[in-house]
Amino acid sequence: MLSFLDMVNHYLGYINVNAKIKNRVYVILGALGDLYLFYIAIRYLQNGHLFWGLLILLVALLLLYFVYLNGMYYFTEKKAPFDISPKIEKWLHIKPKEEETTGHQTIHGRNIPANGYFDEKKILPGKLASTPSDVQNIQNLATQLQQARLLKLDYSGLGDREIMEQTTKTGKPVYASGPGTLIPYFEMQPEGNQLVVYAGINQADKQRVGTVSTVGLQSVADVRDQFELYLANATLVGGPFKVLGRTSMIEQANDFEVAVQLAYKHQRDCATGDRKSTTGEGRRRARYSTDSTESSATDEPMTRTSRYHH
């Protein structure tokens, strides 16, 4: 019996299903294994082996308590009475397991987009303006990411009880896609006076998802005169979400969106870099000294903090 349960548990690890469903299966398997221990304990007692029978019976009762706790946690929205698991976690210093990052390079545990790393001090959030066809392309991209198992709409493995606690605390809806999914491939191309963003699961399947309308708090037209802009990352966000109803959580449909961040570099710095490559060491030092002493409110695009200095 135990070998059978171990085999089922082993092969269950190969199935990519919702974390909550998998945990429910584990609870059922644990209950079956516990019933088998009760059967062994009774057989020992019937055969006159009181010590081993009572010992196995005690272990089975202890495991039954934890099966009960997990059953209440994963199958109901109620809190189990006499729950000692928080004390056990505190005693054993157990911390939640960090989510694994896949599909992108990581540096010291950080997600790095495939197109490179940019200084976070030189990155600002951008806003996309999407046409109806762009919006449809984004929904198609979300479908492709789900089919490729790069996007999971499982609310980060949270149950309704955890979602209810989170919405009550923050007052914001909880999205099935979690904090968002970094898109495998994205690029930004200038087309006329617009900066058009393309995204997809790869370069061959890229689709137009919108045009950059603002960078920070300024329009693209105001920023492009002074800065070179680069697409730092693009993330798929939005989608279906849950909000708190009168008595339970309510799931609502919603379109996916693409959130972008842009890196910037002053055009003067680009021109200075080109001139430095054709001059001597003395002129490079002179240019560096001149540039380092120049400081004004226009050295970077306007942000929420810098706008108060204008």
Side-chain angles (χ1 to χ4, degrees), residues 15-25 73-78 96 99-104 111 113 125-188 196-202 204-214 231-262:
I15 303 175
N16 186 16
V17 296
N18 183 286
K20 186 174 183 180
I21 296 177
K22 185 177 293 187
N23 286 324
R24 287 180 174 179
V25 175
Y73 185 84
Y74 290 111
F75 288 91
T76 70
E77 302 301 327
K78 300 178 181 179
E99 296 183 1
E100 297 180 356
T101 56
T102 58
H104 302 279
N111 242 356
K127 185 176 181 180
L128 288 185
S130 300
T131 64
S133 60
D134 296 336
V135 173
Q136 185 58 49
N137 290 338
I138 297 175
Q139 311 316 308
N140 296 338
L141 173 59
T143 301
Q144 292 176 336
L145 291 175
Q146 291 182 68
Q147 294 174 348
R149 297 183 179 181
L150 299 176
L151 172 63
K152 295 182 179 180
L153 302 180
D154 60 353
Y155 293 92
S156 300
L158 300 177
D160 282 349
R161 184 174 64 180
E162 293 88 354
I163 296 176
M164 183 179 298
E165 293 176 354
Q166 186 171 334
T167 54
T168 303
K169 182 178 180 180
T170 63
K172 299 179 181 180
V174 177
Y175 289 88
S177 58
T181 300
L182 191 62
I183 300 174
Y185 180 83
F186 50 86
E187 64 179 30
M188 183 174 66
V196 182
V197 175
Y198 293 86
I201 60 174
N202 53 50
D205 295 326
K206 67 180 181 181
Q207 302 177 81
R208 172 184 160 129
V209 295
T211 59
V212 182
S213 58
T214 61
L231 186 58
N233 61 65
T235 307
L236 187 72
V237 297
F241 61 89
K242 286 186 177 182
V243 293
L244 182 61
R246 292 185 178 181
T247 58
S248 62
M249 302 304 301
I250 301 175
E251 185 173 43
Q252 298 184 4
N254 184 50
D255 287 337
F256 288 93
E257 299 177 358
V258 173
V260 297
Q261 289 184 316
L262 292 97

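Atoms considered below: every heavy atom in the structure, side chains included; atoms not considered: hydrogens, waters and symmetry mates. Note that the coordinates shown come from a computational prediction; the quantities given were computed from them, not determined experimentally.
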S.K.: Look only at the side chain of Arg24 and the backbone of Phe75, and say whether a donor-acceptor pair between them is shorter than 3.5 Å.
M.R.: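 No; judged by distance alone, with no hydrogens or angles, the pair does not exist.
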
S.K.: Does the side chain of Leu128 come within less than 4.5 Å of Val212's, by heavy atoms?
M.R.: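 Sidechains of Leu128 and Val212: in contact.
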
S.K.: Give me the atom names and distance for the closest heavy-atom approach of Pro173 to Phe241.
M.R.: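 Pro173 and Phe241 have their closest heavy atoms at CB-CD1, 3.5 Å.
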
S.K.: Roughly how far apart are Arg161 CZ and Tyr74 OH, rounded to 0.5 Å?
M.R.: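 Answer rounded to 0.5 Å: 9.5 Å.
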
S.K.: Looking at Val260 and Ala234, what are the two nearest heavy atoms and their distance?
M.R.: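 Smallest heavy-atom distance, with atoms named: CG1-CB, 4.1 Å.
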
S.K.: Between Asp205 and Gly200 (side chain of the first, backbone of the second, donor and acceptor by atom type, cut-off under 3.5 Å), is there such a pair?
M.R.: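 No; judged by distance alone, with no hydrogens or angles, the pair does not exist.
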
S.K.: Could you tell me if the side chain of Gln147 sits less than 4.5 Å from the side chain of Ile201, heavy atoms only?
M.R.: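 No, their side chains stay 4.5 Å or more apart.
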
S.K.: Return the minimal non-hydrogen interatomic distance between Leu153 and Pro240, and the atom names on each side.
M.R.: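 Looking at all heavy atoms of both residues, the closest pair is CD1-CG, 4.5 Å.
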
S.K.: Quick one: pull up CG in Asn137 and CG in Asp134 and give me the separation to the nearest 0.5 Å.
M.R.: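 Taking CG in Asn137 and CG in Asp134, the distance rounds to 6.0 Å.
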
S.K.: Under a 3.5 Å threshold, yes or no: a donor from one side chain and an acceptor from the other, between Tyr155 and Gln166?
M.R.: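 Their side chains do not contain a donor-acceptor pair, so the 3.5 Å distance test is not met.
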
S.K.: Identify the two heavy atoms, one from Ser130 and one from Val209, that lie closest to each other, and give their separation to 0.1 Å.
M.R.: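 Minimum heavy-atom separation between Ser130 and Val209: OG-O, 2.8 Å.
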
S.K.: For the pair Ser177 (side chain) and Gly238 (backbone), establish whether a donor and an acceptor sit closer than 3.5 Å, ignoring hydrogens and angles.
M.R.: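 Side chain of Ser177 to backbone of Gly238, a donor-acceptor pair under 3.5 Å: yes, one is there.
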
S.K.: Report yes or no: do Gln136 and Asn140 form a side-chain donor-acceptor pair below 3.5 Å?
M.R.: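 A pair is found: one side chain offers a donor N or O, the other an acceptor, under 3.5 Å apart.
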
S.K.: Are any of the side-chain heavy atoms of Val174 and Glu162 separated by less than 4.5 Å?
M.R.: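 The answer is no; the side chains never approach within 4.5 Å.
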
S.K.: How long is the straight-line distance from CD of Gln146 back to CG of Leu141, given to the nearest 0.5 Å?
M.R.: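 Result: 10.5 Å between the selected atoms.
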
S.K.: Mind checking what makes salt bridge (charged side-chain N to carboxylate O under 4.0 Å, His left out) contact with Glu187, not counting sequence neighbours?
M.R.: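 With neighbours one apart ignored, the set is Lys206.
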
S.K.: Should Leu244 and Met249 count as side-chain neighbours, where that means a heavy-atom distance under 4.5 Å?
M.R.: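 Yes. Closest side-chain heavy atoms under 4.5 Å.
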
S.K.: Are any side-chain N or O atoms of Gln139 and backbone N or O atoms of Phe256, one a donor and one an acceptor, separated by less than 3.5 Å?
M.R.: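 A pair under 3.5 Å: yes.
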
S.K.: To the nearest 0.5 Å, tell me how far Leu150 CG sits from Thr181 OG1.
M.R.: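 Going from CG on Leu150 over to OG1 on Thr181, the span is 8.0 Å.
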
S.K.: Give, for atom CG of Leu262 and atom CG of Asn233, the distance between the pair rounded to the nearest 0.5 Å.
M.R.: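 If we round to the nearest 0.5 Å, Leu262:CG and Asn233:CG are 8.5 Å apart.
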
S.K.: Would you please test Ile138 and Asp255 for side-chain contact (heavy atoms from CB on, under 4.5 Å) and show each step?
M.R.: CA-CA 8 Å; Ile138 297 175; Asp255 287 337; over 6 Å; no

S.K.: Using atom types as modelled and distance alone, determine if a side-chain donor or acceptor of Thr167 lies under 3.5 Å from a backbone N or O of Val243.
M.R.: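 No, Thr167 side chain to Val243 backbone: no donor-acceptor pair under 3.5 Å.
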
S.K.: About how many Å separate CD of Gln144 and CG of Leu236, when rounded to the nearest 0.5 Å?
M.R.: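 Reported value, rounded in 0.5 Å steps: 11.0 Å.
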
S.K.: Indicate the atoms forming the closest heavy-atom contact of Pro179 with Ser156, along with that distance.
M.R.: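 Smallest interatomic distance, heavy atoms only, reads CD-OG, 4.2 Å.
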
